[in-house]
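We count ligands from 1, going down the list as the structure has it; atoms in each ligand are counted the same way. All residue numbers refer to positions in the sequence shown, counting from 1.
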Amino acid sequence: MAEKFDAIVVGAGPAGNAAAYTMAKAGLSVLQLERGETPGTKNVQGAILYADALERIIPDFRDDAPLERHVIEQRMWVLDEKSFIGTNYRSDAFNSDQPNRYTILRAPFDKWFSGKVKAAGGLVICETTVTELIQEGKKVIGVRTDREGGDIYADVVILADGVNSLLAKKAGFHGELEAKNVALAVKEIHFLPEEVVQSRFNIKGNEGVVIEIAGAVTHGMVGTAFLYTNKESITLGIGCLLSDFKKAGIAPYTLLEELKAHPAIAPLIAGGEMKEYAAHLIPEGGYKAVPTLYGDGWMIAGDSAGLVNAVHREGSNLAMTSGRLAAETVIALKEMKLPCTAPHLARYKAALDDSFVMKDLRKYKELPDVLHSNPHFFSVYPQLLNRAAHTMLMVDGQDKHSKEKTIRGSFVQQRSLWGLVGDAYRMWRATR
Ligand SMILES: Cc1cc2nc3c(=O)[nH]c(=O)nc-3n(C[C@H](O)[C@H](O)[C@H](O)COP(=O)(O)OP(=O)(O)OC[C@H]3O[C@@H](n4cnc5c(N)ncnc54)[C@H](O)[C@@H]3O)c2cc1C
């Protein structure tokens, strides 16, 4: 343990595993520390795995990664209390040899990824919590752990310790996580026979369906729910901003119970055996909440850097990409025999800026503020849309012109003409 490593990686989630694997494969001496009993035991994710990010790290991952189903259909549902209005996109093109998205279960997936780190020559030590960073002046030179004699040194420390990143906070690299920038999500996994999953979702073999859900189930709070099909189970979850939970005084579990009881959801999970329940935070502050990403002897990646695209529910791919880019920065500096000081580690930020990670976060940079200050997007519109569909589809002797007038009237009554125009403009600006 007294040995000095080229790099220490804190955490064995997608970001940490991507960083540790990339460096170990390049021949660097890498130590990875994980507080969980095994990688994955502390991790919670829906979960959709985006193949592209992993393929750039392990091109043949499909050969042995524990994948559940490849996604061929995406549904988007906007719920009110009794109904939903939605869209579907399903394509046989997603049945290619190299599917683009998979559902996974994090515990086996993280364990598999960590096995790759070990096979590449990285030293992975679990059940070890890094308690603080060791600094010489401003430079990070190693980590202190909860093990006896637990000081370990390295040229660079990559912090991939997830959303709370207590280490970066303790070292003063970033401040407290604000409740308005973080969502609290709860999820359950309901087990069902494989053929039941297939028939309920009209799929065959390993095809999968995901449903993204918004509307009444969040009680007007900024948040969404999701349902993902696994091989022999269904993952169902819901998350809202922590600040909204505080204000509303509603427990997250209440929302999940209501979601499960909704007439659109209940039949899909009926008869399932619930075997796993978990709660976790998701950093959703977006671009404006991303902290300083590097300094002398350290970089920060994944959730600990707030790299989550909440609009598209992408997190693990941003985590893996940032972990890989941090690792590639270290590899390049080693090759050039340059020290891991802030001016050189700035390459990491430049690489991130040049990637989809920062480009996507920048695209939606105004959205968190807009959603926060316009809660009617999550309460009024779902009701109006559902009511409009109901009015239009009820064949009751009323002519269609009158129905359209009624629908227009209900929108104007709820939001006013200028309100509607303002909402459209705000949404356009925040997502362009
Ligand atoms: C309910 C839910 C659903 C989600 N769904 C999706 C989805 O469908 N698709 C998607 O792409 N993303 C999804 N996400 C987001 C995704 O899970 C994260 O973006 C991703 O896990 C971030 O990876 P990470 O490696 O940065 O952090 P984590 O996965 O949180 O890993 C951090 C690791 O560090 C360890 N650690 C922490 N502190 C220490 C310490 N001091 N010492 C040692 N080890 C430490 C932890 O035990 C953990 O293993 C979801 C998140 C949640 C909560």
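Every atom of ligand 1 with a heavy atom of Ala319 under 4.0 Å away is listed here by number and element: 22 (C), 23 (O), 26 (O). Numbered from 1 in the order shown, with element, the atoms of ligand 1 that lie under 4.0 Å from a heavy atom of Ala47 read 8 (O). Set against the non-hydrogen atoms of Val10, the atoms of ligand 1 under 4.0 Å away are 40 (C), 42 (N), 43 (C). Applying the 4.0 Å criterion to heavy atoms of Tyr50 picks out, from ligand 1, the atoms 9 (N), 10 (C), 11 (O). Within ligand 1, counting atoms from 1 as listed, the ones closer than 4.0 Å to a heavy atom of Leu33 are 43 (C), 44 (N). Contact atoms of ligand 1 toward Gly11: 33 (C), 34 (O), 35 (C) (distance under 4.0 Å to a heavy atom of the residue). Set against the non-hydrogen atoms of Gly302, the atoms of ligand 1 under 4.0 Å away are 26 (O). Of all atoms in ligand 1, numbered sequentially from 1 with element shown, those under 4.0 Å from a heavy atom of Gly162 are 27 (O), 30 (O), 32 (C).
A 6.0 Å sphere centred on NZ of Lys288 holds more than 12 heavy atoms belonging to other residues, nucleotides or ligands.
Residue contact annotation: Arg313 has a non-hydrogen atom under 4.0 Å from ligand 1. Distances from ligand 1 to the non-hydrogen atoms of Met320 include no value under 4.0 Å. Heavy atoms of Thr128 approach ligand 1 to within less than 4.0 angstrom.
In this model, no donor atom of one side chain and acceptor atom of the other lie less than 3.5 Å apart for Ser316 and Arg106. At a cut-off of 3.5 Å, with distance as the only test, a side-chain donor of Tyr102 or Arg62 sits close to an acceptor on the other residue. Counting only N and O atoms by type, the side chains of Gln383 and Glu81 include a donor and acceptor under 3.5 Å apart. Looking at Tyr253 and Glu258, their side chains never bring a donor and an acceptor atom within 3.5 Å of each other.
In this pair, His312 and Tyr364 present their aromatic rings tilted. The plane angle is within the 30 to 60° band.
The minimum heavy-atom distance between Val217 and Leu255, with the atom names listed, is O-CD2, 3.4 Å. Closest of all the heavy-atom pairs between Thr22 and Ala327 is CB-CB, 3.6 Å.
Looking at Val308 next to ligand 1, no N or O pair under 3.5 Å apart turns up. At least one N/O-N/O distance between Asp303 and ligand 1 falls below 3.5 Å. Some N or O of Val130 is nearer than 3.5 Å to an N or O of ligand 1, by distance alone. Checked against a 3.5 angstrom limit, the closest N/O atoms of Thr129 and ligand 1 fall outside it. Geometrically, ligand 1 and Lys187 share no nitrogen or oxygen pair separated by less than 3.5 Å.
Within the set Gly323, Ala160, Gly315, Gly239, the minimum heavy-atom distance to atom 15 (C) of ligand 1 is found for Gly315. Of the options His312, Glu34, Glu127, the smallest heavy-atom separation from atom 47 (O) of ligand 1 is shown by Glu34. Considering each of Gly13, Pro14, Ala19, the one bringing a non-hydrogen atom nearest atom 23 (O) of ligand 1 is Pro14.
A ring pair (Phe, Tyr, Trp, His ring centres under 6.0 Å) check over residues 326-357, counting only residues at least two apart or in different chains, returns nothing.
The residue from Leu361, Val182, Val357, Asp303 that alone fulfils the side-chain contact (heavy atoms from CB on, under 4.5 Å) condition with Val308 is Asp303.
Only the side chain of Ile282 comes within 4.0 Å of ligand 1, judged by heavy-atom distances.
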Residue pair Asp296, Gln135: steps toward the side-chain hydrogen bond (donor to acceptor under 3.5 Å, both in side chains) verdict: CA-CA 10 Å; Asp296 282 333; Gln135 288 177 263; over 6 Å; no
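Applying the salt bridge (Lys or Arg N to Asp or Glu O under 4.0 Å) rule to Arg426 yields the partners Asp423; only residues at least two apart in sequence or on another chain are considered.
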